Peer 1: 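Quick one: the structure is below, and I'll ask about it shortly.
Since we're looking at a predicted model, the values are computed, not measured. Labels below follow one simple rule: chain letters A, B, ... track the order of the sequence lines, proteins then strands, and each chain is numbered from 1.
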Amino acid sequence: MIGLELLLLIFLVFCAIATVLCKRLISSIIIFMAYSAVMSLVWFLLQSPDLAITEAAVGAGMTSLLFFLTLQRINQLKGLEQDEDNTKR
Amino acid sequence: MKTTQNDNGWFRRILQWASESESEGADAPEDPEKQEFQEYLEYIDAHDYIEFGAYRYMRYQQRKELGLDEPTSHYTAEPPTPQKKQKGKKSHHKQGVLRKQLRWYQVASVLITCVIFWILCLVVMELPEFGALDAPAWNEVVQRYLQQGREETGAVNAITGMILEYRAFDTFGESVVLFAAAISTILLLRTPNQPLRQRKAGDEILKELSKYLLPIILLFGFYVILYGHISPGGGFSGGAILGAALILASLILGAGEVGRVLTSKRVTYITVFSLLTYAVMKFYSFYTGANHVGWEIPKGEAGHLFSGGFLLPLNLCVGLIVACTMYTFYTLFIPTEEE
Amino acid sequence: MLELILEQRYYLVSILLFSIGFVTLFLHPNLIKKIIGLNLMDTSIFLFLAAMGYMEGGQAPMIEEGSNWAMYINPIPGGLVLTGIVVAVSTTALFLSLTHRLYRKYHSLNLDVILMLAKKGREDT
Amino acid sequence: MGLVYNIPLFSILLVVVSGVCIPLFRNGKHVIRFVQIVQLLVGAGSLFLMVGLSSLNESFTYQLGHVPAPWGNELRAGPLEGLLSFVFSLVMLLAFSGSRESLISDIKPHRLGNYCLLMQLLYGTLLAMIYTDDLFTAYVFVEVAAVTACVLVSAKESGRSIVSAIRYLMFNCLGSGLFLLGIAILYVLTGHLLFSSLQQAVEQYLLSGSSKLPLIVSALLMTLGLSIKSAQFPFHAWLPDAHASATTTSSAILSGLLLKGYLIILMKLMVCIFGPFVMVSSYLCDLLLLLGLAGMLFASVAALRQEEVKRMIAYSSSAQISYIFLSLGLGSQLGLLAACFQMIVHALTKSMIFLGAGAMINGVHGHYWGQLRGAARKVPLGGIAFTVGGLSLCGIPLLAGFSAKYCIALAALDADWQMAPALFGLAASSVLNAMYYIPAILVIWGRTKPNQEEEWKPISIGLEQKFALSFLLFCNLYLGMRFGLVRDLIEQGIYRFGSFG
């Protein structure tokens with residue numbers, strides 16, 4: 001049991017470092033999603049199912065979705081700029 | 001998992017990051033935008049101060065003269081002319097001052113973090129042991145929640161009983177945070193009369209699948225909300241699931257379809273009425289409790305759906321607030337037509 | 001020492017995560033990364049709280065009729081964390097919407113660049 | 001239990017519910033009236049509460065719900081809380097009426113309703129911060145304040161205001177992270193969240209002498225978090241930008257009230273939880289004193305260099321907040337009294353200065369000193385408000401700022417080694433204040449160039465604005481000449497609040 005806990009905790013730290021250092025924003029958001037999912041698993045192990053459900057729905061689901069949508073919107077703006085440049089060419 | 005995607009290798013990158021060579025973008029710029037900005041900083045260090053837009057326009061002119069490439073600038077709408085600073089005023093930008101400052105800032109914040117980390121480690125070592133049976137937090141407050149909570153609130157789930165009955169004022173504040181965040185996002189992102197983007201509805205298989213899947217998710221969300229005082233869950237988690245179902249629906253069926261039923265006005269009204277209902281119910285129990293009037297709501301038999309006095313409607317209100325807020329966030333964040 | 005570290009593993013990990021989030025919020029110029037750092041910081045504190053509510057061999061606080069109260073874990077941190085999660089998602093949404101507005105204005109996610117551009121704008125108008 | 005005891009709960013709920021109801025309105029102008037009526041009601045209620053409690057000389061706790069305090073939430077009110085909420089309501093009301101026109105012109109009509117909503121939520125939050133008696137409730141409402149105030153900063157929709165909003169939010173999130181971590185450590189140690197139970201538990205720890213480091217660190221984290229939020233010196237970077245780009249109403253409330261809300265919580269932490277032992281023995285008070293001193297000098301020096309009126313006033317706010325930190329750092333009952341008095345004086349004075357400056361800016365359509373030359377001749381009342389406020393902050397006798405400085409000096413004279421630095425800081429910062437306010441006053445009353453002579457005619461401002469400015473002027477003069485009554489009230493309140501030092 002303690003082995004599993006340690007594994008999850010180390011994975012958490014690893015994910016945290018990875019999500020910070022990752023250069024592509026999209027992959028760092030995906031890693032953040034994994035981080036949230038693992039966090040909810042840890043809370044389940046800590047006998048707090050309420051927290052686990054909420055974190056899975058809000059942290060891994062909602063927050064990551066908001067990140068994705070923002071990124072999509074930003075990329076769309078970028079894409080438009082490139083389109084303008086292309087039409088000028 | 002994602003370690004293999006980069007050829008540099010994590011170890012080297014961590015080393016690089018630790019020695020802070022990454023931010024010195026002049027040698028290895030990651031981003032053309034950043035590189036351009038670095039060049040700009042060097043330019044204003046060396047020459048005189050001009051606006052960034054003016055700098056870009058100047059670069060564009062230079063490149064055009066050389067016949068190198070076409071502009072990538074989106075500042076081309078009105079070419080600003082380079083402005084000289086007024087005479088008599090010394091430029092603030094001395095050679096490389098800015099970059100030095102940035103570096104100092106970084107070193108200082110890493111140092112501060114290390115100090116904080118070290119102090120917190122010392123603190124943690126002095127804290128009561130993890131999982132100890134005689135931790136100081138294990139006091140009469142917890143005892144009453146666990147021992148008499150079932151009779152006093154009529155809830156099986158002690159957490160729901162706690163946040164909606166004992167510490168209901170905090171939860172009220174929390175709903176207000178959500179509401180305030182939703183309104184703030186509306187203020188920031190909504191432009192009036194903006195059409196919702198008519199996404200192409202997903203393909204047929206997804207649509208067919210969603211016919212069966214959506215009701216199940218909706219039902220599950222309501223189940224989590226309504227049985228929040230009996231089983232794990234409650235307004236917050238159930239509301240988030242409900243919100244997720246609404247988002248899924250607008251992803252698959254198209255935002256326009258769902259948006260026609262759940263207009264932004266209706267969503268706001270639902271949130272407002274839920275919050276008002278919550279406030280009225282809690283006001284009733286705060287007032288009667290504080291003035292010792294009696295008139296308690298009968299708690300019913302714990303473990304049944306209709307038990308726990310106000311817990312069920314309170315959970316429903318919180319759930320609706322959360323679901324509506326999540327849906328509002330989604331509708332404001334999806335890309336719109338004119339962008 | 002090692003035993004103590006193993007014993008306090010949850011606390012230590014949450015402190016570590018807190019530091020990572022803190023340094024990201026401070027150092028990383030990219031706004032999206034800053035927001036992720038903020039989230040890391042918040043979740044680490046939640047982990048700290050959730051870990052302190054745990055009791056060796058305790059069960060989730062779904063109270064059965066006539067059971068011994070000492071067999072459940074502490075429900076208070078759970079309630080606090082629930083509140084905290086909701087607060088965190090609200091601030092994240094607000095932060096992201098501000099980021100989007102800024103990108104629309106300055107076409108950059110780099111806060112240093114944005115600050116420079118905003119400063120220039122001020123000096124000229 | 002009489003009706004008086006219900007006033008805290010009634011006022012918080014009334015304000016929040018009235019805010020929540022605003023989306024049901026259609027017309028933005030009605031919304032402002034509605035909000036003002038609610039503020040008037042709550043202000044009257046607070047006045048009633050203050051008078052009642054002061055004549056009975058008592059304070060009380062109000063149990064929220066059917067379960068008594070360590071289990072449920074509770075509110076706590078005494079004469080000091082009544083006074084503070086009265087002053088806050090007054091400033092809120094006057095800020096709304098004093099800048100009504102600029103509010104309508106600065107914010108697009110379809111956003112006005114939501115802006116007022118957030119204002120009202122912020123106001124309810126401030127009331128809750130005043131009355132709360134529970135650490136976690138304080139945290140939740142601190143977060144509400146962060147979210148609402150952020151949008152108030154960005155309401156004007158220029159690029160600059162959004163940049164300042166994002167900086168504001170960043171600092172705030174950092175502050176709340178530290179604050180929450182402090183709460184978590186304290187909860188692990190004691191298992192309580194209620195102020196009175198926490199105080200007992202902390203005392204027990206001090207008697208037994210164990211776990212001293214965690215206690216100090218948690219106190220340090222919370223103090224740090226709150227001082228980041230209240231724009232204390234090293235963390236004040238966001239404040240000038242936020243002010244310079246916000247509308248007049250936002251600036252007045254941000255600087256006059258919001259920063260004080262956090263300070264009230266800090267004061268409660270000091271008095272109700274940690275007590276003098278932890279604060280003084282762990283040099284936390286000295287830290288506050290040093291922060292205050294540094295802030296007073298640095299912010300004043302920075303204010304000297306500003307070319308925009310609002311930025312200058314913002315730096316001056318940061319300096320004035322440092323006075324409060326300084327007097328809290330003295331670590332005595334007198335210091336606490338001086339801090340409260342300075343809080344009230346600054347709330348009234350700073351909102352007056354902002355309203356006056358806002359009126360002038362509206363009059364001449366420019367906010368640089370060059371454009372503001374002769375502005376006070378165009379908008380005489382605004383000019384008078386700015387002048388009186390500025391002179392008051394310089395410490396001219398018979399004005400409110402002088403009496404606040406007098407209180408702080410009295411407290412400093414009572415302290416031992418802190419006396420010399422505190423008095424020095426007070427004197428130096430008064431001189432610095434004079435150095436930037438007096439040129440500013442000369443500029444706004446100065447003559448414009450002769451060819452612009454026809455523009456000298458005073459511009460008429462609305463009746464409501466006139467009333468608000470005159471009322472604030474009256475308050476300033478009253479507090480300057482006869483501050484005995486208010487001071488006694490604060491003393492009584494602090495005595496009820498808990499003993500310190």
Peer 1: Can you tell me which portion of D/Y139 sits under 4.5 Å from chain B's heavy atoms? Options are side chain, backbone, both or neither.
Peer 2: neither
Peer 1: Would you say D/F141 and B/D170 make side-chain contact, with heavy atoms under 4.5 Å?
Peer 2: no
Peer 1: Measuring only between side-chain heavy atoms, which start at C-beta, is B/F179 closer than 4.5 Å to D/L121?
Peer 2: yes
Peer 1: Which region of D/L181, side chain (C-beta onward) or backbone (N, CA, C, O), has a non-hydrogen atom less than 4.5 Å from a non-hydrogen atom of chain B, or is it both or neither?
Peer 2: side chain
Peer 1: Considering only heavy atoms from C-beta outward, does the side chain of D/L194 approach that of B/V141 to under 4.5 Å?
Peer 2: no
Peer 1: Can you tell me which portion of B/I116 sits under 4.5 Å from chain D's heavy atoms? Options are side chain, backbone, both or neither.
Peer 2: neither
Peer 1: Taking only residues two or more places apart in sequence, or in another chain, which ones meet D/P214 in a side-chain contact (heavy atoms from CB on, under 4.5 Å)?
Peer 2: B/V123, B/E126, B/L127, D/I185, D/L189, D/S211
Peer 1: With a 4.5 angstrom heavy-atom cut-off, which part of B/A135 approaches chain D: side chain, backbone, both or neither?
Peer 2: neither
Peer 1: Counting only non-hydrogen atoms closer than 4.5 Å, does B/N139 touch chain D with its backbone (N, CA, C, O), its side chain (CB onward), both, or neither?
Peer 2: side chain
Peer 1: In Å and rounded to the nearest 0.5 Å, what is the CD1 to NE2 distance from B/I186 to D/H110?
Peer 2: 11.5 Å
Peer 1: Taking the side chain as every heavy atom from C-beta outward, state whether B/Y166 and D/N73 have any atom pair closer than 4.5 Å.
Peer 2: no
Peer 1: Given a strict heavy-atom distance threshold of 4.5 Å, which part of B/Y287 is in contact with chain D: side chain, backbone, both, or neither?
Peer 2: both
Peer 1: Which atoms of B/K265 are under 4.5 Å from chain D, going by heavy atoms: the side chain, the backbone, both sets, or neither?
Peer 2: side chain
Peer 1: If we only count heavy atoms from C-beta on, is the D/L9 to B/F283 side-chain gap below 4.5 Å?
Peer 2: yes
Peer 1: Measuring from B/F169:CZ to D/E74:CD, what's the distance to the nearest 0.5 Å?
Peer 2: 11.5 Å
Peer 1: Within a strict 4.5 Å, meaning less than it, do heavy atoms of the B/P128 and D/V188 side chains meet?
Peer 2: yes
Peer 1: Going by heavy atoms in the side chains, are B/K282 and D/L64 under 4.5 Å from each other?
Peer 2: no
Peer 1: Looking only at heavy atoms and a cut-off of under 4.5 Å, which of B/E152, B/M162, B/E140, B/R167 has the most pairs with chain D?
Peer 2: B/R167
Peer 1: How about residues 268-277 of chain B versus chain D: which residues have heavy atoms under 4.5 Å apart?
Peer 2: B/T268, B/Y269, B/V272, B/F273, B/L275, B/L276
Peer 1: Could you tell me which of B/A137, B/A168, B/A181, B/A279 has the largest number of non-hydrogen atom pairs under 4.5 Å with chain D?
Peer 2: B/A137
Peer 1: Looking only at heavy atoms, which two atoms of D/V144 and B/G173 are closest? And how far apart?
Peer 2: CG2-O, 3.7 Å
Peer 1: Which bit of D/T190 is near chain B, if near means a heavy-atom gap under 4.5 Å: side chain, backbone, both or neither?
Peer 2: backbone
Peer 1: As an exercise: rank D/V17, D/V217, D/L118 by heavy-atom pairs under 4.5 Å with chain B and give me the winner.
Peer 2: D/L118
Peer 1: Has the side chain of D/R111 got a donor or acceptor atom that lies under 3.5 Å from a matching backbone atom of B/L187?
Peer 2: yes
Peer 1: Nearest 0.5 Å please: distance from the NE2 atom of D/H66 over to the CD atom of B/E165.
Peer 2: 7.0 Å
Peer 1: Report which part of D/I12 has an atom under 4.5 Å of a heavy atom belonging to chain B: side chain, backbone, both, or neither.
Peer 2: side chain
Peer 1: Between B/Y145 (side chain) and D/W71 (backbone), is there a donor-acceptor pair under 3.5 Å?
Peer 2: yes
